[in-house]
Amino acid sequence: MDALLQLEIAVNLFLQHLGSWLAIPFSAITALGNEYFYLIAMPAIYWCVDSALGFRLGVMLVFTNVSNGYFKELFHSPRPFWVDSRVKALATETSFGLPSGHSQNAAALWGTLAGHFKKTWLTIVSIVIIFLIGLSRLYLGMHFTRDVISGWLIGALLVGLYFWLEKPIARWIGPKPLSVKILLSFFVSVLFIAGGLLITASAGQWVLPAEWINNSVAALGVAPDPYDIEGYFTISGVWFGFTAGYAWWQNKKGSFKIQGKLGKRLLRFVVGMVGILVLYLGLKLVFPESPQWLGLSLRFVRYGLIGLWVTALAPWLFEKIHLNV
């Protein structure tokens with residue numbers, strides 16, 4: 001074990017030795033960097049607060065998750081509890097460690113939020129949350145310091161690229177016919193999957209050390225599973241449905257306008273989330289998971305419909321039942 005890794009493990013151990021009482025607050029803080037939190041928050045913002053911001057967050061959620069999956073498999077870096085049994089695993093993760101997905105998500109999405117509003121107080125709050133989420137990953141034994149810092153840097157880079165490229169891409173794609181926009185959306189989703197499969201095929205030749213497997217099983221009762229490709233089909237399906245639905249709505253009705261009093265907005269959120277749950281749970285029961293490629297294709301369809309629900313089907317329903325005003 002190199003000296004830098006030993007130093008980083010010392011950081012994990014120092015934080016954990018501060019006391020077990022921190023486990024609950026840090027677990028709550030780490031949830032703010034979880035993709036499932038954003039999958040709830042993003043539709044809420046899209047339907048009830050600001051559809052332009054909701055779209056930005058949805059796009060960023062896709063790109064940060066896709067890129068994080070790519071980097072993890074390329075670096076095949078361990079988690080602290082894989083290499084040192086003294087580090088307690090206070091959460092459950094089976095993927096590679098670098099870069100930290102929670103830290104990257106936090107920097108990318110809270111950074112997008114701050115960049116959208118450009119308010120000093122919100123920027124400060126976002127920085128504090130981003131820092132605390134990274135710190136929580138160290139305390140919970142899920143990441144080394146290098147994982148957290150690299151996640152922050154990649155997330156910040158994605159934010160910069162997004163705000164730099166957003167207007168030129170919007171000007172380029174805006175005048176194109178709806179059919180072309182939908183085909184482009186599908187093409188990008190296929191690229192996401194192809195990139196993931198290519199990286200998995202090449203990185204998958206690398207063999208996990210037995211020590212990592214044994215330590216993970218001892219700590220969590222499960223072995224690492226860093227080459228799971230389901231995530232690429234999930235996020236690519238979300239991208240296709242989300243962006244295709246957005247293009248359709250923009251073509252037919254323009255921007256989704258946020259109107260109505262607080263009660264109507266809360267009701268929109270409840271109705272919208274019920275729709276997501278019906279699609280998620282209902283189609284999960286109906287769609288088979290094997291054989292593998294059929295299961296993966298249907299996973300793409302299921303999450304594509306969820307993305308489509310957020311930007312097109314739910315707003316259409318809100319309009320029909322008069323929840324949009």
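The figures here come from the full heavy-atom set of this structure, side chains too, leaving out hydrogens, waters and symmetry mates.
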Subject >> Criterion ring pair (Phe, Tyr, Trp, His ring centres under 6.0 Å) on Tyr227 and Phe96, from CA distance to verdict >> reply: CA-CA 9 Å; Tyr227 298 115; Phe96 287 123; 5.5 Å; yes

**OP:** Please lay out, stage by stage, how Ile9 and Arg86 fare under the test side chain to side chain contact (heavy atoms under 4.5 Å, CB included).
**Re:** CA-CA 9 Å; Ile9 287 174; Arg86 293 176 299 168; 4.0 Å; yes

**OP:** Determine, step by step, whether Lys253 and Glu319 satisfy the salt bridge (Lys or Arg N to Asp or Glu O under 4.0 Å) criterion, reporting the C-alpha distance in whole Å, the side-chain angles of both residues, the deciding distance to 0.1 Å, and the verdict.
**Re:** CA-CA 11 Å; Lys253 301 176 182 294; Glu319 189 176 81; 3.1 Å; yes

Show which side-chain atoms of residues 234-247 pair as donor or acceptor with protein atoms under 3.5 Å away, not counting sequence neighbours.
{"unit_1": "Thr234", "atom_1": "OG1", "unit_2": "Glu230", "atom_2": "O", "d": "3.1"}
{"unit_1": "Thr234", "atom_1": "OG1", "unit_2": "Arg299", "atom_2": "NH1", "d": "2.7"}
{"unit_1": "Ser236", "atom_1": "OG", "unit_2": "Ser189", "atom_2": "O", "d": "3.4"}
{"unit_1": "Ser236", "atom_1": "OG", "unit_2": "Tyr232", "atom_2": "O", "d": "2.7"}
{"unit_1": "Trp239", "atom_1": "NE1", "unit_2": "Ser185", "atom_2": "O", "d": "3.1"}
{"unit_1": "Thr243", "atom_1": "OG1", "unit_2": "Ser185", "atom_2": "OG", "d": "2.4"}
{"unit_1": "Thr243", "atom_1": "OG1", "unit_2": "Trp239", "atom_2": "O", "d": "2.6"}
{"unit_1": "Tyr246", "atom_1": "OH", "unit_2": "Gln250", "atom_2": "NE2", "d": "3.4"}

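Residues Leu5 and Arg146 form a side-chain contact, since some pair of their non-hydrogen atoms from C-beta on lies under 4.5 Å apart. At least one side-chain heavy atom of Leu135 sits less than 4.5 Å from a side-chain heavy atom of Leu15. Residues Lys72 and Pro99 are in side-chain contact: their nearest non-hydrogen atoms beyond the backbone lie under 4.5 Å apart. Residues Ile154 and Asn68 fail the side-chain proximity criterion, which asks for heavy atoms closer than 4.5 Å.
In this pair, Phe37 and Trp110 present their aromatic rings parallel. The plane angle is below 30°, not in the 30 to 60° band.
With Ser297 contributing its side chain and Trp293 its backbone, the two residues share a donor-acceptor pair below 3.5 Å. Formation of a donor-acceptor pair under 3.5 Å by the Lys118 side chain with backbone atoms of Gly115 is found in this model. A donor-acceptor pair under 3.5 Å is formed between the side chain of Ser136 and the backbone N or O of Ile133. A donor-acceptor contact shorter than 3.5 Å links the side chain of Lys181 to the backbone of Gly174. With hydrogens and angles ignored, the 3.5 Å screen pairs no side-chain donor or acceptor of Asp225 with any backbone N or O of Thr94. Remark: the backbone N or O of Val310 is paired with a side-chain donor or acceptor of Trp47 at under 3.5 angstrom. When atom types are taken as modelled, the side chain of Lys88 and the backbone of Leu140 share no donor-acceptor pair closer than 3.5 angstrom. Ser216 places no side-chain N or O within 3.5 Å of a backbone atom of Trp212 that could act as its donor or acceptor partner. Proximity of a side-chain donor or acceptor of Glu211 to a complementary backbone N or O of Trp82 within less than 3.5 Å is not detected. For Arg302 (side chain) and Leu283 (main-chain N/O), no donor-acceptor pair under 3.5 Å exists by modelled atom type.
The distance from the CD1 atom of Ile199 to the CZ atom of Phe71 is 8.5 Å, given to the nearest 0.5 Å. Note: Leu57 CG to Leu109 CG = 6.0 Å, rounded to the nearest 0.5 Å. To the nearest 0.5 Å, the span separating OG1 on Thr200 from CD1 on Ile229 amounts to 6.5 Å. Here Phe55 contributes atom CZ and Trp249 contributes atom CH2; the two are 15.0 Å apart, rounded to the nearest 0.5 Å. The CD1 atom of Ile193 sits 13.5 Å away from atom CG of Leu198, with the distance rounded to the nearest 0.5 Å. For the atom pair CD1 of Ile129 and CD1 of Ile29, the computed distance is 9.5 Å after rounding to the nearest 0.5 Å.
The two residues Tyr46 and Pro315 make their nearest non-hydrogen contact at CE2-CG, 4.5 Å. Shortest non-hydrogen contact noted between Thr112 and Phe163 is O-CZ, 3.8 Å. Contact detail for Asn12 and Leu138: the closest heavy-atom pair is ND2-O, 2.9 Å. Across every non-hydrogen atom of Leu90 and Gln16, the tightest pair is CD1-NE2, 4.1 Å. Summarising the geometry of Leu98 relative to Ser150, their closest heavy-atom pair is CG-OG, 3.8 Å, with the distance given to 0.1 Å. Closest of all the heavy-atom pairs between Leu158 and Ser67 is CD1-OG, 3.7 Å.
The same ILVMFWY cluster, assembled from side-chain heavy atoms under 4.5 Å apart, contains both Ile213 and Val222. Taking hydrophobic clusters as Ile, Leu, Val, Met, Phe, Trp and Tyr residues chained together by side-chain heavy-atom distances below 4.5 Å, Val274 does not share a cluster with Leu267. Tyr38 and Val125 end up in the same hydrophobic cluster when Ile, Leu, Val, Met, Phe, Trp and Tyr side chains are linked at under 4.5 Å. Hydrophobic clustering (side-chain heavy atoms under 4.5 Å, transitive across Ile, Leu, Val, Met, Phe, Trp, Tyr) keeps Val270 apart from Trp309. Leu184 and Phe186 fall into different hydrophobic clusters, where Ile, Leu, Val, Met, Phe, Trp and Tyr residues are linked whenever their side-chain heavy atoms come under 4.5 Å apart, directly or through other members.
Hydrophobic clustering, defined by side-chain heavy atoms of Ile, Leu, Val, Met, Phe, Trp and Tyr closer than 4.5 Å, leaves Leu183 isolated from every other such residue. Side-chain contacts under 4.5 Å among hydrophobic residues (ILVMFWY), followed directly or transitively, place Phe187 together with Leu191. Other residues sharing the hydrophobic cluster of Leu157, ordered by chain and number and joined by side-chain separations under 4.5 Å: Leu161, Trp164, Leu165, Ile169. Hydrophobic cluster of Leu266: the remaining members, joined at side-chain heavy-atom separations below 4.5 Å, are Leu262, listed by chain and number.
Between Ser103 and Arg137, the side chains place no donor N or O within less than 3.5 Å of an acceptor N or O (distance only, hydrogens not considered). Checking Ser95 against Arg79 by side-chain atom types alone, a donor-acceptor pair falls below 3.5 Å. Residues Ser202 and Glu73 bring no donor and acceptor atom of their side chains to less than 3.5 Å of each other.
Residue pairs satisfying the ring pair (Phe, Tyr, Trp, His ring centres under 6.0 Å) criterion with at least one member in residues 116-154, sequence neighbours excluded, are listed as follows: Phe26-Tyr139.
Using a cutoff of 4.0 Å between basic side-chain nitrogens and carboxylate oxygens, Arg56 and Glu166 are scored as salt-bridged.
Outside the 6.0 Å centre-distance limit, the rings of Phe318 and Phe269 are not counted as a close aromatic pair.
Of the residues listed (Tyr70, Phe63, Tyr303), the one engaging Phe192 in a ring pair (Phe, Tyr, Trp, His ring centres under 6.0 Å) is Phe63, and it is the only one.
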